[in-house]
Amino acid sequence: MKSVLGDRRAVLVLVGPALLLYSLIMLVPIVWSVGYTTFSGNIVTGFTWAGLDNFVKFFQDPASWAAIAFTLKYAIVLTIGQIVIGYLLSLMYVFFLRKASGLIRTLVFFPVVLPTVAVALLFQKLFESAPTLGPVNSVLNWVGLPSVDWFGHADSAFWVIVMMDIWRSMGFYAVLLYAGIVDIPDDIIESARLDGAHGWKLIRTIVLPLSLPVLLSSIIFSINGTLKVFDSVLALTNGGPGNGTTPLTLYMYQTAFTYGDYGYGSTIAFMLTILCLIVTIFIFRSTRRDLTKG
């Protein structure tokens, strides 16, 4: 093996095809998209040189700031919901259900594999207000409360999107965090219990610090996924009412493919990439510490 890895030509033969394929599929479109940011137009009308005008337009565009605000709000709320609920479920799997948790894990994980459009249609029916009342409004009427036009207002539509995506994803994060917690050695847990650590004290002093690496990975995975939300919003609200639930990804899609401005659409995509990078670096720097200390 050492002789093979020491031969540059052998390494090139082994790695070259995969590297070339990766470059064609990933790197070339990225470079191409960045190049589009300096132009305006599309392949039908033709491209004209725009220089930095697209970036100036982005920072002066009220719709882009509204999309950024929605994206950040959605990412923060959903990440907190996914991680907190997922962590609570993982604790339940390990400390309460234990070996009997297999069936529950499967049932909770099941929404993860459902098509986004099917889940969106389900939630549209659940929160429907016209022409017929959905189950949620029917329950509200039954307890004496008025019906709510859930998709007629940006605030209520936002919370429906959040509930739908938490329901879809909590099983995934529960399994991911469960894998980190179940790897904690049993002797450490038993030693802590013998020292008087039980319940919340055991979780706070032993389980949480030892599961912090997988918890951090889950947070980064979640925040990057939620910043790039697209399919669930498109299927459930299509960015409405108005542009009240339009994230940067949907705004980019509408700009590039509906209005035919590839340059400005690529600029929005580039700014979203920068936003994801900044958030990831911030999380890494704010949580970086030696886990062996205190």
Side-chain angles (χ1 to χ4, degrees), residues 1-6 14-15 18 72 74-114 119 162-229 232 276-294:
M1 179 61 72
K2 290 182 178 180
S3 60
V4 172
L5 294 178
L14 293 172
V15 179
L72 291 175
Y74 172 88
I76 292 170
V77 172
L78 194 66
T79 297
I80 292 173
Q82 287 175 336
I83 299 302
V84 170
I85 295 177
Y87 199 74
L88 291 175
L89 286 170
S90 65
L91 291 174
M92 182 181 70
Y93 295 159
V94 175
F95 294 106
F96 295 97
L97 298 178
R98 296 178 184 175
K99 294 182 178 179
S101 67
L103 177 61
I104 303 300
R105 289 203 310 270
T106 302
L107 293 175
V108 176
F109 188 85
F110 180 69
V112 176
V113 301
L114 293 177
V119 176
V162 167
M163 284 187 282
M164 182 186 79
D165 281 340
I166 287 178
W167 181 76
R168 287 180 61 215
S169 59
M170 64 181 184
F172 172 80
Y173 288 96
V175 171
L176 185 62
L177 293 166
Y178 168 81
I181 295 175
V182 80
D183 278 343
I184 299 175
D186 291 337
D187 55 346
I188 295 179
I189 300 293
E190 292 303 322
S191 299
R193 283 174 172 162
L194 291 174
D195 290 337
H198 298 281
W200 168 244
K201 185 178 180 181
L202 176 65
I203 294 172
R204 181 174 59 85
T205 59
I206 302 297
V207 178
L208 186 58
L210 292 179
S211 62
L212 195 59
V214 70
L215 188 60
L216 176 60
S217 300
S218 300
I219 292 173
I220 295 173
F221 194 86
S222 175
I223 197 72
N224 274 284
T226 52
L227 285 172
K228 295 178 286 189
V229 61
S232 57
C276 292
L277 181 63
I278 291 173
V279 171
T280 302
I281 292 174
F282 172 77
I283 294 173
F284 265 120
R285 291 181 66 87
S286 61
T287 58
R288 186 176 58 187
R289 66 185 183 90
D290 188 352
L291 296 177
T292 63
K293 296 181 180 179

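- Here salt bridge (charged side-chain N to carboxylate O under 4.0 Å, His left out) pairs that include residues 183-194, with residues two or more places apart or in two chains, are Glu190-Arg193.
- In this structure the side chain of Arg168 never reaches within 4.5 angstrom of the side chain of Leu114, judged on heavy atoms.
- The one candidate from Ile83, Val84, Ile85 that meets the side-chain contact (heavy atoms from CB on, under 4.5 Å) condition with Met170 is Ile85.
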Side chain to side chain contact (heavy atoms under 4.5 Å, CB included) between Val214 and Ile181, intermediate numbers included:
CA-CA 9 Å; Val214 70; Ile181 295 175; 5.8 Å; no

Output side-chain donor-acceptor pairs under 3.5 Å for residues 75-82, partner residues at least two apart or in another chain, one line each.
{"from": "Thr79", "atom 1": "OG1", "to": "Ala75", "atom 2": "O", "distance (Å)": "2.6"}
{"from": "Thr79", "atom 1": "OG1", "to": "Ser222", "atom 2": "OG", "distance (Å)": "3.2"}
{"from": "Thr79", "atom 1": "OG1", "to": "Thr226", "atom 2": "OG1", "distance (Å)": "3.4"}
{"from": "Gln82", "atom 1": "OE1", "to": "Ser222", "atom 2": "OG", "distance (Å)": "2.4"}
{"from": "Gln82", "atom 1": "NE2", "to": "Ser169", "atom 2": "OG", "distance (Å)": "2.7"}

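- Within the structure, ring pair (Phe, Tyr, Trp, His ring centres under 6.0 Å) pairs that include any residue of residues 208-228 comprise Phe172-Phe221 (at least two apart or interchain).
- The side-chain contact (heavy atoms from CB on, under 4.5 Å) check on Ile188 picks up Pro185, Ile206, Leu210, with sequence neighbours excluded.
- Residue pairs meeting the salt bridge (charged side-chain N to carboxylate O under 4.0 Å, His left out) criterion with at least one member in residues 202-224, sequence neighbours excluded, do not occur.
- Take Thr280 and apply the side-chain contact (heavy atoms from CB on, under 4.5 Å) test, not counting sequence neighbours, and it matches Ile220, Asn224, Phe284.
- Rounded to the nearest 0.5 Å, atoms NZ (Lys228) and SG (Cys276) are 5.5 Å apart.
- Sorted pairs that involve residues 181-213 and meet ring pair (Phe, Tyr, Trp, His ring centres under 6.0 Å), not counting sequence neighbours, are lacking altogether.
- By the salt bridge (charged side-chain N to carboxylate O under 4.0 Å, His left out) test, Arg105 pairs with no residue at all, sequence neighbours left out.
- Two residues are said to be in side-chain contact when any heavy atoms from C-beta on lie closer than 4.5 Å; Val108 and Tyr93 meet this criterion.
- Take Tyr87 and apply the side-chain hydrogen bond (donor to acceptor under 3.5 Å, both in side chains) test, not counting sequence neighbours, and it matches Ser211.
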Could you go step by step and tell me if Leu227 and Leu72 meet the side chain to side chain contact (heavy atoms under 4.5 Å, CB included) rule?
CA-CA 7 Å; Leu227 285 172; Leu72 291 175; 4.1 Å; yes

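- Partners of Phe96 by side-chain contact (heavy atoms from CB on, under 4.5 Å), not counting sequence neighbours, listed by chain and number: Met92.
- Side-chain contact between Leu177 and Leu89 is absent, with no heavy atoms from C-beta onward closer than 4.5 Å.
- For Val175, the side-chain contact (heavy atoms from CB on, under 4.5 Å) partners two or more places apart in sequence, or in a different chain, are Phe109.
- Leu91 contributes atom CG, which lies 11.5 Å from atom CG of Leu97 (distance to the nearest 0.5 angstrom).
- In this structure, the side-chain hydrogen bond (donor to acceptor under 3.5 Å, both in side chains) partners of Tyr74, at least two apart in sequence or on a different chain, are Asp165.
- Here the CD1 atom belonging to Ile283 is positioned 11.0 Å from the OG atom belonging to Ser217, to the nearest 0.5 angstrom.
- Residue Ser90 comes nearest to Ala174 through the heavy atom pair CB-O, 3.5 Å, listed as atom of the first residue, atom of the second, then distance.
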